[in-house]
Each structure stands twice: as C-alpha cells, then as structure tokens.
Visitor: 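Questions regarding the structure given below will be posed in turn.
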Amino acid sequence: MVQAHADERKAQGMRAYMRDQFEFLGVATPVRRASTRPVLREARNDGRSRGNEAVDWLFIHKCWDCEYRELQYVAIDYLLAMVKWLDADDLDRVAEMAKVKRGGIRLMDSQGVVSRVVRAHRDFSEKMVTWSVDENMWVRRMAIEHQLGYKAETDEALLERIILDNVGGSEFFINKAIGWALRDYSKTNPAWVSAFIERHGDKLAALSIREGSKYV
C-alpha cells in the first residue's frame with residue numbers, strides 16, 4: 001500500500017522540514033490518498049452494512065503505532081472515513097491514541113477528527129464536558145477546540161461551559177485554545193463573544209482575551 005511508494009530522497013526532506021522529530025517514508029499526501037482510496041472505499045461499504053462492528057481498530061492501531069508519519073495519517077484517514085460508525089467508546093480510544101503518540105494531539109487537531117465525530121454525533125457533546133475536566137491537558141484542549149468551524153451550528157452553552165471549566169490557570173496551550181475558540185466563533189457571532197468576554201474577563205487569561213477579541 002503506502003510503503004510501496006517510499007522515496008528516501010523525499011523522506012530526507014520531510015524529516016528536515018519537521019526538524020527530525022518524526023520518521024517519514026517520503027510519500028506525498030496525494031500519493032498516500034490515492035494508494036489507500038480502495039481500502040477506505042471498502043471500509044465505508046462495510047460500514048453501511050455492519051455499522052460500528054465494521055470499524056477495524058486492529059488496522060487503526062497497526063497504522064498508528066508505526067514509526068512512519070504517513071502511516072499515522074492513514075490511521076486518521078481511516079477514522080475520518082468511518083466517522084458515521086464511531087461510537088462514544090471509540091471517541092475515548094481516539095483520545096488515548098492522541099495521548100500516547102508523540103505529536104498525536106496535533107495530528108488529531110489538524111485533521112479535525114474529534115470535531116467531525118462530534119459534529120456527526122451531537123449526542124456525544126456530553127463526552128466533551130467530561131473531557132473538559134480531564135487530568136490530561138491535551139484532552140482538555142481538544143474539548144475546548146472541538147467546535148472550531150461549526151459556525152452557526154456552535155452550541156454556545158457547551159462552549160461556555162467547557163471554557164469556564166478551564167479558566168484560571170496559567171497553562172499556555174489551554175489559554176491559547178480558549179482564545180482560538182472564542183476568536184473562531186466571533187467570526188459568526190461577535191456580539192456573543194464580546195458579551196462573554198465582558199462577563200468573564202476577570203477570569204480569563206490576558207492571552208485568551210487578546211486572541212478572542214481579535215475580530216470583535
């Protein structure tokens with residue numbers, strides 16, 4: 001599959017670009033997607049007939065545990081292809097994946113895995129409340145940011161609750177995430193964000209206010 005397209009010359013460039021933090025096969029994104037398209041198509045067809053039972057967690061973990069970044073992206077591609085058939089327990093598995101793999105949270109965030117799962121299953125929103133008080137900072141960050149891009153579909157009460165669960169600390173990535181969440185929603189409803197900052201400005205970090213106020 002993907003390994004058949006390995007290119008060491010390109011891999012060297014990819015490793016250098018990522019400051020030698022990760023291993024690469026040297027497979028470009030279009031090539032990776034083209035090579036896995038038949039597998040993902042078959043997985044979706046299986047999902048239509050078998051539902052959640054069709055989600056192949058053995059395949060997901062085999063790709064995710066591989067040292068090569070391209071295979072980790074295949075795991076994410078598979079999860080995105082199977083969003084309709086993931087359940088709440090699967091969401092917890094995604095959180096565990098993100099925690100154990102170096103850079104895993106960033107991969108999940110950048111591809112919007114959690115965001116798309118919750119958007120497809122809005123009854124999973126309560127899971128985000130649980131995540132918002134998780135002992136792991138990165139899980140809390142995913143909860144804070146999971147509605148990025150929801151625009152008019154944003155659950156304002158949920159956004160407020162999750163943010164307020166995380167105010168008052170000095171953790172940079174949490175305060176930055178709060179600011180990003182507010183800034184993103186301000187593009188849709190600047191009045192709500194402005195009022196939120198007015199109500200809770202005494203609790204919000206200066207970083208969160210600065211980021212969240214950018215468009216209000």
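On a predicted model such as this, the values are computed, not experimentally measured, just so you know. We count residues from 1, following the sequence as given.
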Visitor: So, Tyr68 and Gln3: side-chain donor and acceptor under 3.5 Å apart, yes or no?
Guide: no
Visitor: Does the side chain of Asp46 reach to within under 4.5 Å of the side chain of Glu42, using non-hydrogen atoms?
Guide: no
Visitor: Are more than 12 heavy atoms from other residues, nucleotides or ligands located less than 6.0 Å from atom NZ of Lys84?
Guide: no
Visitor: Write down the atom of His121, the atom of Leu86, and the distance for their closest heavy-atom approach.
Guide: NE2-O, 3.3 Å
Visitor: Is Asp165 salt-bridged to Arg140, going by a charged N under 4.0 Å from an acidic O?
Guide: no
Visitor: Distance check, rounded to the nearest 0.5 Å: Ile197 atom CD1 versus Leu204 atom CG?
Guide: 7.0 Å
Visitor: Could you state the interatomic distance from NZ (Lys203) to CD1 (Ile178), rounded to the nearest 0.5 Å?
Guide: 12.0 Å
Visitor: Could you tell me which residues satisfy side chain to side chain donor-acceptor pair (under 3.5 Å) with Glu211, sequence neighbours excluded, listed by chain and number?
Guide: Lys176, Arg183
Visitor: Calculate, to the nearest 0.5 Å, the distance between atoms CE and CD1 belonging to Met128 and Ile162 respectively.
Guide: 7.0 Å
Visitor: Whether the Trp85 and Asp90 side chains hold a donor-acceptor pair (N or O, under 3.5 Å, no angle test) is what I'd like checked.
Guide: no
Visitor: Just wondering, more than 12 heavy atoms not from Tyr17 lying within 6.0 Å of its OH?
Guide: no
Visitor: Around atom NZ of Lys187, are there more than 12 heavy atoms of other residues, nucleotides or ligands at under 6.0 Å?
Guide: yes
Visitor: Atom CH2 of Trp131 and atom CD1 of Ile144: how far apart are they, to the nearest 0.5 Å?
Guide: 12.5 Å
Visitor: Near Arg50 CZ, under 6.0 Å, is it more than 12 heavy atoms from other residues, nucleotides or ligands?
Guide: yes
Visitor: Within this structure, what is the CZ-CD1 distance for the pair Phe196 and Ile209, rounded to the nearest 0.5 Å?
Guide: 10.0 Å
Visitor: Within the supplied structure, the quantity of interest is the number of heavy atoms (other residues, nucleotides, ligands) at a distance under 6.0 Å from Glu67 CD; does it exceed 12?
Guide: yes
Visitor: Would you call Glu96 and Arg93 a salt bridge, taking side-chain N to carboxylate O under 4.0 Å as the test?
Guide: no
Visitor: I need the Arg15 CZ to Lys10 NZ distance, nearest 0.5 Å.
Guide: 14.0 Å
Visitor: Please enumerate all residues that pass side-chain contact (heavy atoms from CB on, under 4.5 Å) together with Met18, with sequence neighbours excluded.
Guide: Phe22, Phe24
Visitor: Does any part of the side chain of Glu160, heavy atoms only, come nearer than 4.5 Å to the side chain of His200, both counted from C-beta?
Guide: yes
Visitor: Where is the tightest heavy-atom contact between Gly112 and Leu80, given as atom of each residue plus distance?
Guide: O-CD2, 4.4 Å
Visitor: Under 3.5 Å, side chain of Tyr150 to main-chain N/O of Ser115, donor-acceptor pair present?
Guide: yes
Visitor: Can you tell me if Glu156 has over 12 outside heavy atoms packed within less than 6.0 Å of its CD?
Guide: yes
Visitor: I'd like to know if Arg32 pairs up with Asp77 as an ion pair, taking the criterion as any Lys NZ or Arg NE/NH1/NH2 lying under 4.0 Å from an Asp or Glu carboxylate oxygen.
Guide: yes
Visitor: How would you list, by chain and number, every residue that makes a side-chain contact (heavy atoms from CB on, under 4.5 Å) with Ala6, sequence neighbours excluded?
Guide: Leu25
Visitor: Do Glu70 and Thr36 have side chains that approach each other closer than 4.5 Å (heavy atoms only, starting at C-beta)?
Guide: no
Visitor: Cut-off 3.5 Å, side chains only: do Gln72 and Arg69 have a donor facing an acceptor?
Guide: yes
Visitor: Assess whether atom CZ of Arg19 is packed by more than 12 heavy atoms of other residues, nucleotides or ligands within 6.0 Å.
Guide: no
Visitor: Do Leu58 and Val94 belong to the same hydrophobic cluster, where Ile, Leu, Val, Met, Phe, Trp and Tyr are linked whenever their side-chain heavy atoms lie under 4.5 Å apart, directly or via other members?
Guide: no
Visitor: Working note: Arg122 + Glu153, criterion side-chain contact (heavy atoms from CB on, under 4.5 Å); need CA distance, chi angles, decisive distance, verdict.
Guide: CA-CA 10 Å; Arg122 295 310 287 260; Glu153 295 179 36; 3.8 Å; yes
